[in-house]
Amino acid sequence: MIDVLIVGAGPNGLMLACELALAGVHPVVLERHAAPTGEPRANGLVGQVVRLLDRRGLYGRLSGESAPPSPQPAFVFGAFPLDLTMVAENPHYVLGVPQAQLEAALADRAVELGVDLRRGHEVVDLRQRPDAVEVCLADGTQLTSRFLVGADGGRSAVRRLAGIGFPGATFDRSISRTATVSVPASSLDPETGGLRAPGYGVVPPFQHTRTARGLIAWAPFPGRPAILSTTEWPDAPTSDETPMDLAELRASVARVLGVDIPFGAPEGPGLLRRLTGGNTRIADRYRADRVLLVGDAAHVHPAIGGPGLNLGLQDAVNLGWKLAATVRGWAPQGLLDTYETERRPVAERVVMSTQAQSALIGPGDEITGLRQLFAELLRKPEVTGHIAALMSGADIHYPADPADPWAGRFAPDVVVHSEHGALRLAELTRAARPLLLDSTGAYAGVAAPWRDRVDVVTGALEGTTATALLVRPDCFVAWSAGNADTLRASLTHHFGLPLLATEPSASPNLVG
C-alpha cells in the first residue's frame, strides 16, 4: 500500500512530496500531464516562503547565490509603492524565479529524495475506506493509499471527488491582458528601467501603475523577455473567446494610459493571455477523512501582490510533518487536524489582503479619493510595517501559549555557536526534523527521550533573546525557554509520547 498519494506535480505537490520523503514517508506523485507544461504562471516568490526555501537548502539552487536571502527595500501594495527602508525590521523577501524553474528544481529534489513521480496519470474516481483511499485512474489502473492529498489546483478533481465544497464568489468585471514583448531601447528610461510613455511619463518597473481607467504593469525581467500587462473594468461583461494578439494589448494600453507605447513581439515564443474575471474561494474543509487539500485546491484568490506560492508552499510544509507523523505512528491525538486550524486563518488573511488591493486598484473618482487617503497612511512607518508583515506572512501566529513570546511564530534567523562552529538555523533545518536549540545545556536531557525524532544542538544563540527554542519541522517555534515541565509538555503536545529510554544521547544529531 502507498503511504501517501499526491495528485498534482505543481510546486505545492512537489514540496509536500519532498517534506514527506525527508520525514521517512514514501509518497507517490501523480500528474495528469505527460510532461511539464512550461506554461507561464507566477513570476517569483514573495514573502516568508523565501526564507523557508533557504531553510531547506533550496534558495541557493534557485537564486544561484551562496549568500542567504536578504529583505527587499521596496515592494507594492494595491498599486502603491511600499518604501520598506522605513520599517525597523523589514520582513519582505523576494525571489524572482519563474514558476517553471521552481517546479523543475522541486522535481529534481523530489527525485533525489526517492519520490515516485508519475506523469501522464489522471485521477477520475476515488473511494474511501476506514483504513485507506482507493483511486481509479483514467487508464483503469487502481491504486490504494493510506492518505490522498489533492494538490491539483483550483479546479481540483480530488476536491470534487471527495465531496468537499468550494464556497466563495466568482466575478467577471475585470479583464487582464498579459504578453511578453520587446521594446526599442529608446523607450526605456536609463535610470529606472521603466517604460517611457510620451505624453504620460514613465511607467515604473515591477510595480502596478493605476489610472482612473485601469492598471498597467511593466516587468523587464533580466535574462528573459519582458512582460507587459493591463487590467481594465469594462462597463459590460465580455465573452470574447478569440485568441488575443498584440494589437489588442496595444489598444488596452492606450485606453489605460491615454497614450500609445511602441512595443513588438519578443524574439522566439511568447506569452499572450487574456483572463476575464476571477474567483475568491476557500474549501469548506481542508480534510475529508483520509483526503486532504493543499494550495489552490484549498483556496483561490486574486493574484495581486503575488501571495499564491507563499501561501501554498507553506501549506505543504505545515501538512508534511504532521501527515508523516500520522503515517509513522507517533502523532499525538488531533495533530493532523491542526493543519486546517492553523492554515485556514492564513488563507482568510490572504483573501482579505487581495480583496483590499483589488478594491484599491479599481476605476473611478471615488477610488482615487480612497487612494489619496491611503497614500497619506503609507507615509507612516507603522502602517507600512503592518502591511509588509501581512503581505509577507510575517504576522502569522499559530495558536500557542500566550505567555510564551515566541511560540506559534516563525523562528528567527538565529546562529548557533556550537562546538561544531557557527551554524545558521538554515543549516540545521534542511532535514525537516524537530530541533531544540539550547544555549544553556540544561534542556538537552529533557528532550533526550524524543531523540528518535527531535535533534538537539547546544551552543550560544545569536539573533534572539531566548535562551532555548524548540522549532517545529515547518520552522515555527513550538516553545521558547521556560522550565523543564513546559518543555516536556510541548514535546508531547507536538511530537507525541516518547518512544525511547530517558538517558541522554552522547552527542547531538547535527543536520548540516
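No side-chain donor-acceptor contact under 3.5 Å links Tyr286 and Arg159. Asn310 and Gln314 form a side-chain donor-acceptor contact under 3.5 Å, judged by distance and modelled atom types alone. There is a side-chain donor-acceptor pair under 3.5 Å between Ser353 and Gln357. Side-chain contact of Thr170 with Arg281: a donor-acceptor pair under 3.5 Å is present, judged by distance alone.
Across all their heavy atoms, Tyr59 and Ala67 have their closest contact at CE2-O, 3.5 Å. When every heavy atom of Leu22 is checked against every heavy atom of Ala431, the shortest pair comes out as CB-O, 3.8 Å.
Residues Val97 and Ser63 fail the side-chain proximity criterion, which asks for heavy atoms closer than 4.5 Å. Val253 has its side chain out of reach of Arg177: every pair of non-hydrogen atoms, C-beta onward, lies at least 4.5 Å apart.
Asp125 has no carboxylate O lying under 4.0 Å from a charged side-chain N of Arg127, or vice versa, which leaves the two without a salt bridge. A salt bridge links Asp395 with Arg349; the closest basic N to acidic carboxylate O contact falls under 4.0 Å.
Contacts of Phe147 classified as ring-ring contact (aromatic ring centres under 6.0 Å, His included), with partners at least two apart in sequence or in another chain: none. Residues passing the ring-ring contact (aromatic ring centres under 6.0 Å, His included) test with Phe166, sequence neighbours excluded: none.
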Donor-acceptor pairs under 3.5 angstrom involving side-chain atoms of residues 69-79: please list them, not counting sequence neighbours.
none

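Remark: of the listed residues Leu62, Leu14, Val115, Leu14 is the sole one forming a side chain to side chain contact (heavy atoms under 4.5 Å, CB included) with Leu106.
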